[in-house]
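See structure below.
Note that the structure is predicted; figures quoted are calculated from it, not measured.
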Amino acid sequence: MNNSPLNKKLVEDKIAQLRIPDIGKASIREIVALVNLVEEASDFKYIRMEMGVPGLPPAKVGVEAEKDALDRGVSAIYPMVDGIKPLKEESSKFIKNFLNVDVAPAGCIPTTGSMQGTYAAFMAAGNCDKKKDTVLFIDPGFPVQKQQMMVLGQKYDTFDVFNYRGDKLREKLESFLAKGNINSIVYSNPNNPAWICFNDEELQIIGELANKYDVIVMEDLAYFGMDFRTDFSKPGEAPFPPSVAHYTDNYVLFISSSKIFSYAGQRIGIMAISDKLFSRDYPDLQERFKGTTFGATITLRLLYSLSSGTSHSAQWALAAMFKAANEGEFNFVEGVKAYGERAKEMKRLFLENGFKVVYENDLGVPIADGFYFTIGYPGMTGNELVANLLFYGISAIALDNTGSDEEGIRACVSFVLPHQFGDLEERLKLFNKNFSK
């Protein structure tokens, strides 16, 4: 470590300043804070892979629509809690055009990013049936959703899906669902961080079991259409991304503007609730929140209490982006393919310097190149790898933060620009030279 490119004492001092007891187990935000402090105290720049922040310009059609909305004075007016009519209608069309799924505009509800959407959905699902007090996460997954569980004071269970793909998924899921305490199943597709993509066979299993055990499926589509192995960019034309919505009516979909439209800063997404679930009565839910249906409780009780709606101008931006995509004027998939190109090159650099891809195949075929990939180093735990890489100017989070049972780190490609690939290669070569022995 003596010849690492960073002053070891500087990094250690900043870890102590932040009072992080075990840097290998640090959260995303703790790593962000640490790297910021080190960079501010030196003129050294990290290769930053810790946070899933878009690294591309925002969709121009959204920016222009939001500017126009602000000029019209919408910032002076509260929007309806369940969203402006144009956004609800274009959201419904987008889901039909790009998923081949019918969701009425009433069930398409804007939220302050998918984070607020999942928070409200967790709160609702956790109170639908007093006997069902536990959420089941199909991991690895987005770490902050577990933090939401902690804040809500709700229970959750989890398993790493790595060894339970295909037919094996049914038996594993049923071992949890048969207990009778699960209210919902949560996963992302494509997966954060493994970038595996559930296929129709697996989603049919999830949907059938959701029907059998009457649980809600929450499908996080933050990286919608970003399995670049298949072209999902043409509205109204097959192929469509696989979705559990084809196999059950017990679903909530989360479609974020952050990654697919690079519109993260405006905190705007859509929670799409199936028509059947939206209008369903749950006596326990009604008792708890004094509302009526599941959908009305989400909007008029939970979202109203959380934020009284979502940014008015950002709703017009998202409506415009959906409309342009629906009409074939905006190919949002093409706009984010740069992430796949970066992932391909970054994987090559890691593999050439002694590392290995952790989740390396997807039902027998190579994992897609996308927003994330997972990487490990022989003889090191994921926590050790996070800690050691920090002294070489590379930041990431450990896979155990995501609910994974595997040893390694999550690498996000969005903030790593092509001009940094040379620095990344040099640091990886030095790291491998020092640790390969």
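With Ser256 contributing its side chain and Ala222 its backbone, the two residues share no donor-acceptor pair below 3.5 Å. With hydrogens and angles ignored, the 3.5 Å screen pairs a side-chain donor or acceptor of Ser27 with a backbone N or O of Glu30. Looking at His246, its side chain does come within 3.5 Å of a backbone N or O of Leu99 through a donor-acceptor pair. No donor-acceptor pair under 3.5 Å is formed between the side chain of Lys172 and the backbone N or O of Tyr164. Judged purely by atom type and a 3.5 angstrom limit, Ser414 has no side-chain atom pairing as donor or acceptor with the backbone of Gly52. Remark: the backbone N or O of Ile196 is not paired with any side-chain donor or acceptor of Asn191 at under 3.5 angstrom. In terms of modelled atom types and a separation under 3.5 Å, the side chain of Gln286 and the main chain of Gly291 share no donor-acceptor contact. Lys132 places a side-chain N or O within 3.5 Å of a backbone atom of Asp214 that can act as its donor or acceptor partner. The main-chain N or O of Phe94 is found under 3.5 Å from a side-chain atom of Asn326 such that the two form a donor-acceptor pair. Of the possible donor and acceptor atoms, one in the side chain of Ser305 sits under 3.5 Å from a partner among the backbone N and O of Arg301.
Side chain to side chain, Gln154 and Asp133 fail the donor-acceptor criterion of an N or O pair below 3.5 Å. No side-chain donor from either of Thr134 and Asp157 sits under 3.5 Å from a side-chain acceptor of the other. Looking at Thr248 and Asn211, their side chains do bring a donor and an acceptor atom within 3.5 Å of each other. Asp139 and Tyr187 are not linked by any side-chain donor-acceptor pair at a separation below 3.5 angstrom, with hydrogens and angles left out of the test. Looking only at atom types and distance, the side chain of Asn401 has no donor-acceptor partner in the side chain of Arg410 under 3.5 Å away. A donor atom on one side chain and an acceptor atom on the other are found under 3.5 Å apart for Asn434 and Tyr392. Side-chain atoms of Tyr223 and Tyr372 form a donor-acceptor pair, as typed in the model, at a separation below 3.5 Å. Judged by distance alone, the side chains of Glu384 and Tyr377 never bring a donor and an acceptor atom under 3.5 Å apart.
Closest non-hydrogen pair, Tyr339 versus Ser262, comes out as OH-OG, 4.2 Å. Of all heavy-atom pairs spanning Cys197 and Asp227, the tightest one is SG-OD2, 3.6 Å. Of all heavy-atom pairs spanning Ile23 and Ala387, the tightest one is CG2-CB, 3.6 Å. Here the closest non-hydrogen pair linking Pro193 and Thr374 is O-CG2, 3.7 Å. Across Ile205 and Asp167, no two heavy atoms sit closer than the pair CD1-CA, 4.3 Å. The nearest pair of heavy atoms linking Gly225 to Val333 is O-CG1, 3.8 Å.
For Asp231 and Lys234, the salt-bridge test passes: some basic side-chain N is under 4.0 Å from an acidic carboxylate O. Ion pair Glu327/Lys323 flagged as a salt bridge, since at least one NZ, NE, NH1 or NH2 atom sits closer than 4.0 Å to an Asp/Glu carboxylate oxygen. Under a 4.0 Å N-O distance rule, the pair Glu352/Arg348 qualifies as a salt bridge. With respect to the salt-bridge test (charged N to carboxylate O, under 4.0 angstrom), the residues Glu341 and Lys344 do not qualify. Between Glu208 and Arg170, at least one side-chain N (NZ, or NE/NH1/NH2) sits under 4.0 Å from a carboxylate O, which counts as a salt bridge. The pair Arg229-Asp362 meets the salt-bridge criterion, since a charged nitrogen lies less than 4.0 angstrom from a carboxylate oxygen.
Classification of the Trp316-His312 ring pair by plane angle, with boundaries at 30° and 60°, yields parallel.
Ser233 places none of its side-chain heavy atoms less than 4.5 Å from the side chain of Phe332. At least one side-chain heavy atom of Glu219 sits less than 4.5 Å from a side-chain heavy atom of Leu203. Residues Lys429 and Glu425 are in side-chain contact: their nearest non-hydrogen atoms beyond the backbone lie under 4.5 Å apart. Side-chain contact between Glu287 and Tyr282 is absent, with no heavy-atom pair separated by less than 4.5 Å. Side-chain contact between Glu407 and Leu399 is absent, with no heavy atoms from C-beta onward closer than 4.5 Å. Looking at heavy atoms from C-beta onward, Phe373 lies out of side-chain contact with Val358 at the 4.5 angstrom threshold. Annotation: side chain of Asn250 is not in contact with side chain of Val215 (no heavy-atom distance under 4.5 Å). Proximity of Arg267 to Thr111: side-chain heavy atoms (C-beta onward) are nowhere separated by under 4.5 Å.
Tested against Met380, the residues Leu389, Asn388, Ile409, Val386 include a single side chain to side chain contact (heavy atoms under 4.5 Å, CB included) partner, Asn388.
Residue-environment remark: CD (Glu329) exceeds the threshold of 12 foreign heavy atoms within 6.0 Å. More than 12 heavy atoms of other residues, nucleotides or ligands lie within 6.0 Å of OH in Tyr247, so this atom counts as buried by the packing criterion.
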query = Between Asp220 and Asn189, does a side chain to side chain donor-acceptor pair (under 3.5 Å) hold up when you go through it step by step?
reply = CA-CA 6 Å; Asp220 187 347; Asn189 202 38; over 6 Å; no
### Task
Before giving the answer on side-chain contact (heavy atoms from CB on, under 4.5 Å), spell out for Asn361 and Ile367 the whole-Å C-alpha distance, their side-chain angles and the decisive distance to 0.1 Å.
CA-CA 5 Å; Asn361 71 77; Ile367 204 83; over 6 Å; no
Report task. Please test Thr118 against Gln148 for side chain to side chain donor-acceptor pair (under 3.5 Å), starting from the C-alpha separation and ending with a verdict. Result -> CA-CA 8 Å; Thr118 55; Gln148 290 182 322; 2.9 Å; yes
Subject >> Intermediate values then yes/no, side chain to side chain donor-acceptor pair (under 3.5 Å), Ser404 and Tyr359 >> reply: CA-CA 10 Å; Ser404 172; Tyr359 293 86; 2.6 Å; yes
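Annotation: cation-pi geometry satisfied between Lys146 and Phe137 (NZ/CZ under 6.0 angstrom from ring centroid, within 45° of ring axis).
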